[in-house]
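Single-structure report; data block below.
Nothing here was measured: the structure is a model prediction, and the numbers come from that model. The figures that follow rest on heavy atoms only: side chains count, while hydrogens, waters and symmetry mates do not.
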Amino acid sequence: MKITLAPGRAMSCCLLFFFTLIPHVHAQSSQHDWETLFQQLCTQEDAESDTWEQAFDHLSELAEHPFNINTATREQLEELPFLSAQQVEDICYWLYRYAPMRSMGELAMIETLDPLRRELLSCFVYLGDAGQTTEPFSLAKLLRGGKHDVLFTAKVPFYERQGDENGYLGYPYRHTTRYQFSNGQRLKMGLVGAQDAGEPFLAHRNKAGYDFYSFYFLARGMGRVKTLVLGRYRLKMGMGLVVNNDFMLGKLASLATLGRNSQRLSAHSSRSESNYLQGAAATLALTGNLDLNLFASCRQIDATLNKDDGSVATILKSGYHRTQSEMDRRNNTTQTLGGANLRWQGGGLHVGLTAMGMALSRTLSPDDGTLYRRYWPRGRRFWNASVDYGYQNHRFTLSGETATGDSHAWATLNTLSCRLTDRLDALVVQRFYSYRYYALLARSFSDGGSVQNESGLYAGLTWRPAPRWSLQAYADYAHYAWARYGVSRPSHAWDAMTIMAYRQKQFSLTARLRVRQRQKDNEDKTALESRWEQRARLAADYEGRQWSTRTQADMAHVGSEQGWMVSQNVGVRLGRQWRLNALVAWFKTDGNDARIYTYERGMLHAYSFPSFAGHGMRWALLGRADLSKRLMLMGKLSTTHYFDRHVIGSSLQQINSSSMTDLEMQLKWRF
């Protein structure tokens with residue numbers, strides 16, 4: 001017998017579940033962990049890009065190496081992606097006028113810092129001596145005073161996929177080894193080895209062991225050389241219209257940081273096999289206000305080749321080398337590039353010039369028989385150049401970038417954020433990306449996912465009507481002047497979201513609603529039809545000294561499909577050594593379009609944002625044991641069980657079972 005719930009009754013059931021499962025615990029002072037706070041501030045958007053994993057890796061690194069707030073520089077504060085440009089400026093001004101800061105409570109005197117950001121900031125800084133001066137760079141001293149970290153992570157599946165029997169070249173286990181030597185934020189060097197499930201280890205073309213290695217060296221504060229990176233690194237210049245292989249956090253996070261524009265040069269210490277450069281990069285201080293960024297890279301990339309002439313049809317970024325065909329596409333093309341960025345900053349004004357040239361060892365020649373690919377980049381050599389600019393004072397911040405290249409087309413992105421009152425902030429983002437413009441390493445604010453064929457206007461508000469209440473809302477309109485995948489003519493899209501939050505010490509309550517409208521071809525491809533997507537979420541969080549809970553209800557209505565999910569997460573701290581976290585969730589959707597996305601706590605330096613479709617339940621148990629100051633052990637056992645199927649997945653990923661169970665383990669040794 002099939003049981004269906006009307007939307008109103010489904011909402012009532014979710015609300016009943018929501019309020020009855022919140023434990024009645026006594027309020028206690030607690031030290032929040034940054035993951036919980038960051039999730040509340042920058043709620044992940046559905047189907048968010050994979051750059052969230054890079055963001056989590058970056059924040060994990062910063063949390064393990066906090067810096068002294070009393071000697072913090074603007075560059076150090078700009079490393080924290082949850083601070084707006086105005087908040088960075090206000091913290092610097094406060095330290096200039098009133099340092100040393102003797103208590104984290106003094107952050108409450110900075111009006112632009114709301115309680116959530118004050119708590120989040122305390123996870124990445126500490127109170128140190130204000131008279132402490134930065135010593136001249138000495139590699140020998142930094143090597144003697146640093147720390148070694150070894151992190152081993154493994155994932156073991158308790159099921160067999162079709163490819164494990166016939167198709168994959170390796171075994172079904174995924175594992176990563178990461179070694180890093182660091183001395184605060186001034187010196188960092190390391191090596192990462194990563195293996196995806198199904199990839200060969202010490203076999204086939206992986207005779208050296210892992211399928212992927214990342215090596216890096218980073219040093220800061222060497223006189224005129226502000227930052228030096230050797231090996232594999234990530235780079236963001238301007239607003240990302242020319243080069244940005246660093247993380248982007250989406251529309252809601254842009255509202256949280258009021259569209260802050262900042263340069264970033266960092267080591268590539270994650271297991272991601274696509275978004276990095278390989279070679280050398282440096283930031284040089286030419287004068288007090290003038291910096292020069294230089295970068296060069298030469299690396300091999302994966303590509304699908306055209307059969308007739310061996311040219312590149314598609315550049316691949318998955319990083320998978322599990323089958324013989326995937327292995328044949330591995331590192332079959334060389335990418336060489338170099339560039340520079342000159343940036344002047346002073347008196348609230350900044351101006352930057354960026355230029356980059358790139359060459360491929362094979363001609364890039366995508367199939368232009370399909371209409372939407374007609375203006376994709378093609379050729380062997382490419383160049384791009386841009387100017388970025390901005391002005392900031394105590395009330396508003398203006399920033400932008402305008403770029404062009406060998407396409408002889410233009411792209412421009414401009415943001416204006418304004419503090420209308422002490423409780424009301426506004427952000428406006430305008431972008432125009434010509435359908436003929438392209439930059440192979442561009443990544444910036446967009447609705448369609450690329451810096452091409454899009455123009456639009458985004459407006460957002462952050463309102464704090466009372467000390468414990470906040471409201472965030474945005475609306476975004478995008479127009480596509482040329483065809484896109486699944487759309488054979490010009491089209492448009494709408495996206496709007498509202499989040500209301502209430503926070504009182506350890507307790508927070510959040511309500512979220514998102515509505516999106518997209519256009520696509522009808523079945524006959526004679527006209528466009530609109531597809532509406534509505535998603536809602538209710539969540540309650542409590543974080544005490546020993547207990548933490550998160551109760552959440554998600555609902556989705558996409559086209560003719562509906563779906564919902566209710567979940568309960570409970571965490572407990574047993575002294576200083578032991579932590580346990582348990583999750584149980586029940587979900588049901590009419591199909592894959594109404595699938596539910598949710599954040600799930602996992603291993604260190606890892607980010608998990610799975611989606612669920614069909615009818616089933618999810619269980620997960622996460623444990624952490626700090627066995628000593630040098631040794632940490634983590635484990636996670638998780639199961640997804642479906643009530644409506646006996647086969648999960650398809651093709652080589654097919655599992656002939658109604659459930660799938662995974663065990664993840666992590667060992668960290670510091671010496």
With sequence neighbours left out, write down each residue that passes salt bridge (Lys or Arg N to Asp or Glu O under 4.0 Å) with [X], or none if nothing qualifies.
{"X": "Asp328", "result": "none"}
{"X": "Arg579", "result": "none"}
{"X": "Arg220", "result": "Glu79"}
{"X": "Arg74", "result": "Glu89"}

Just to verify, what does Asn581 make a side-chain contact (heavy atoms from CB on, under 4.5 Å) with, not counting sequence neighbours?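 Asn569, Arg601, Leu622.
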With sequence neighbours left out, what residues match Ser60 under side-chain contact (heavy atoms from CB on, under 4.5 Å)? Trp34, His605
Hey, is the main chain of [Y] close enough, under 3.5 Å, to the side chain of [X] for a donor-acceptor pair?
{"X": "Glu401", "Y": "Met239", "result": "yes"}
{"X": "Asn384", "Y": "Met356", "result": "no"}
{"X": "Ser651", "Y": "Gln653", "result": "no"}
{"X": "Arg330", "Y": "Asp211", "result": "yes"}
{"X": "Arg205", "Y": "Met327", "result": "yes"}

Could you pull out all residues at least two apart from [X] that satisfy ring-ring contact (aromatic ring centres under 6.0 Å, His included)?
{"X": "Phe212", "value": "Tyr276"}
{"X": "Tyr159", "value": "none"}
{"X": "Tyr216", "value": "none"}
{"X": "His65", "value": "none"}

Going by heavy atoms in the side chains, are [X] and [Y] under 4.5 Å from each other?
{"X": "Phe382", "Y": "Leu337", "result": "no"}
{"X": "Leu604", "Y": "Arg624", "result": "yes"}
{"X": "Asn245", "Y": "Leu235", "result": "yes"}
{"X": "Asp447", "Y": "Glu454", "result": "yes"}
{"X": "Val242", "Y": "Ser386", "result": "yes"}

Taking atom CH2 of Trp669 as the centre, does the number of heavy atoms from other residues, nucleotides or ligands within less than 6.0 Å exceed 12?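 Check fails, neighbour count at 12 or below.
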Among residues at least two apart in sequence or on other chains, which ones pass side-chain hydrogen bond (donor to acceptor under 3.5 Å, both in side chains) with Asn183?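 side-chain hydrogen bond (donor to acceptor under 3.5 Å, both in side chains) list for Asn183, sorted by chain: empty.
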Taking atom OG1 of Thr598 and atom CD of Gln552, what is their separation to the nearest 0.5 Å?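 Those atoms lie 4.5 Å apart.
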Which value, rounded to the nearest 0.5 Å, describes the distance between Glu165 atom CD and Leu652 atom CG? 11.0 Å
Looking at Arg271, His175, His321, which one forms a side chain to side chain donor-acceptor pair (under 3.5 Å) with Asp196? Arg271
Between the side chains of Glu64 and Lys188, is the shortest nitrogen-to-carboxylate-oxygen separation below 4.0 Å, so that they form an ion pair? no
Does a side-chain N-to-carboxylate-O contact under 4.0 Å join Lys636 and Asp662? no
Scan for salt bridge (charged side-chain N to carboxylate O under 4.0 Å, His left out) pairs involving residues 148-163, sequence neighbours excluded, and state none if there are none.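 Salt bridge (charged side-chain N to carboxylate O under 4.0 Å, His left out) check on residues 148-163 returns Asp149-Arg670, Arg161-Asp164.
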